[in-house]
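Right, one structure below, let's go through it.
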Amino acid sequence: MAHLWQGVIQEYSAFFTHNILDNIVTLQEGGTPLIHATQLESLFADAKPTIYVKFEGANPTGSFKDRGMTAAVSNAVSHGAKTLVCASTGNTSASAAAYAAKAGLDSAVLVPTGKIAVGKLSQAIAHNAKVLQIDGNFDDCLIVARELSENYPVELVNSVNPARIEGQKTAPFEIIDVLGRPPDIHALPVGNAGNISAYWKGYNEYKVARKCDTLPKMYGFQASGAAPIVLGKKVDNPETIATAIRIGNPASWENALNARDESGGLIDMVTDDEILVAHKLLSKKAAIFCEPASAAGLAGILKLHKQGMLPKKQLIVITCTGHGLKDPSWALKESALDVSEFEPIRVANDVSEVAKVLKL
Ligand code: F0G
């Protein structure tokens, strides 16, 4: 009989502790596609990489956050929490709202003013979160959310909550289970830096469990207008079209540096233009529709290749962190059309007219 995927906690129960296992709240997240992107490999002719994309947009709320949220909310239920709170550039809020609804809890999400993709905001509203727009950026929202959780009876479900990292460490388990080994290089976007830390933890735990013998080099990429780790200092006014990673003071900064240094990897930055080029290549060549921030991993690998810094014949996994439908306006903008200007081609209700327009 076909195996119905149970969600990351049940699938990898040996890697979770009782506080998370006792009251599992799941939307059967994880088990996402690992897509062999042969069309992208041809962009790197001389380097001859093998490229797989871990498409996290296929999670229940459309981003990797669901892996962490199932663990954070299960843990919250175990100790009787009633209300969840998070700061978010959008995806965490969508995920927190959904898992709160599933568990029958209340949720409040703090988002920066004016910078949230409409898809993400509509999810939070649909799942009944109280959406509070704070006069500030993500970093300001996280300070308020942290203080709120220290002084009031609410559970913080940002990635500073260790349960979030526990859940997100399962993506590398799936990659190794499918490929039979870790990649040589793992590339992904970096914002608040929880995910790169979680991946590194996961790869290491699987090695300790003798599920693999090697570890990948972790390659993290920030947006150049929001690249505190690359610059080595906080960015007060982070700016990027990749709103998901518009973060100037990542909470998991130290852990990200550890992942970089222990793995022999790097953390670099990519411009908005480089992100948009990668986004277009993912959509048009690999048929993977992700949101702009999600394209930072491919943008970074392309940049390194251009600089002659990409080692040859590597097995590379790139995580695409969130679905394109979260922030679909970019697909239209990339066609040099503003969303409001987009006009479909109007054709008569007639097959030969349609064929004519299609030049058939
Ligand atoms: N990609 C997407 C689509 C994201 O939403 C985020 C983070 C990241 C990458 C970066 O991951 O923070 O673990 O380094 N989004 C958070 C949010 C900040 O609020 O949804 P990270």
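Atoms considered below: every heavy atom in the structure, side chains included; atoms not considered: hydrogens, waters and symmetry mates. Both ligands and their constituent atoms are indexed starting at 1 by order of listing.
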N or O pair under 3.5 Å between Phe138 and ligand 1: no

Considering both backbone and side-chain atoms of Ser294, is one of its nitrogen or oxygen atoms within less than 3.5 Å of a nitrogen or oxygen in ligand 1? no

Out of curiosity, is Ala193 lining ligand 1, as in a heavy atom under 4.0 Å away? yes

Side chains of Thr321 and Ser294: do they bring a donor and an acceptor to under 3.5 Å? yes

Under 4.0 Å from one or more heavy atoms of Thr321, ligand 1 contributes atoms 1 (N), 2 (C), 3 (C), 9 (C)

May I ask you to check if ligand 1 and Ala293 share an N or O to N or O distance below 3.5 Å? no

Donor-acceptor pair between Glu262 and Asn204 side chains, under 3.5 angstrom: no

Compute whether any side-chain donor of one residue and acceptor of the other, for His305 and Asp46, lie under 3.5 angstrom apart. yes

Any nitrogen or oxygen of Asn195 lying under 3.5 Å from a nitrogen or oxygen in ligand 1? Just yes or no. yes

Checking side-chain polar atoms at under 3.5 Å, does Thr26 have a donor or acceptor matched by the opposite partner on Glu29? yes

Phe173: which of Phe15, Tyr203, Tyr199 passes ring-ring contact (aromatic ring centres under 6.0 Å, His included): Phe15

Note: ligand 1 atoms sitting under 4.0 Å from heavy atoms of Gly194 are 13 (O), 14 (O), 21 (P)

Atom 16 (C) of ligand 1: which protein heavy atom is closest, and how many Å away? Lys65 NZ, 2.8 Å

Just checking, Lys169 and Tyr206: is the charged tip under 6.0 Å from the six-membered ring centre and within 45° of the axis? no

Polar proximity ligand 1 side, Gln168 side, N/O cut 3.5 Å exclusive: no

Do me a favour and list the nearest non-hydrogen protein atom to atom 5 (O) of ligand 1 with residue, atom name and distance? Asn91 ND2, 2.8 Å

Looking only at distances, please establish whether an N/O atom of ligand 1 is found under 3.5 Å from an N/O atom of Thr92. yes

May I ask you to check whether Asp22 and Ser78 show a side-chain donor-acceptor distance below 3.5 Å? no

Ile196 near ligand 1, heavy-atom distance under 4.0 Å? no

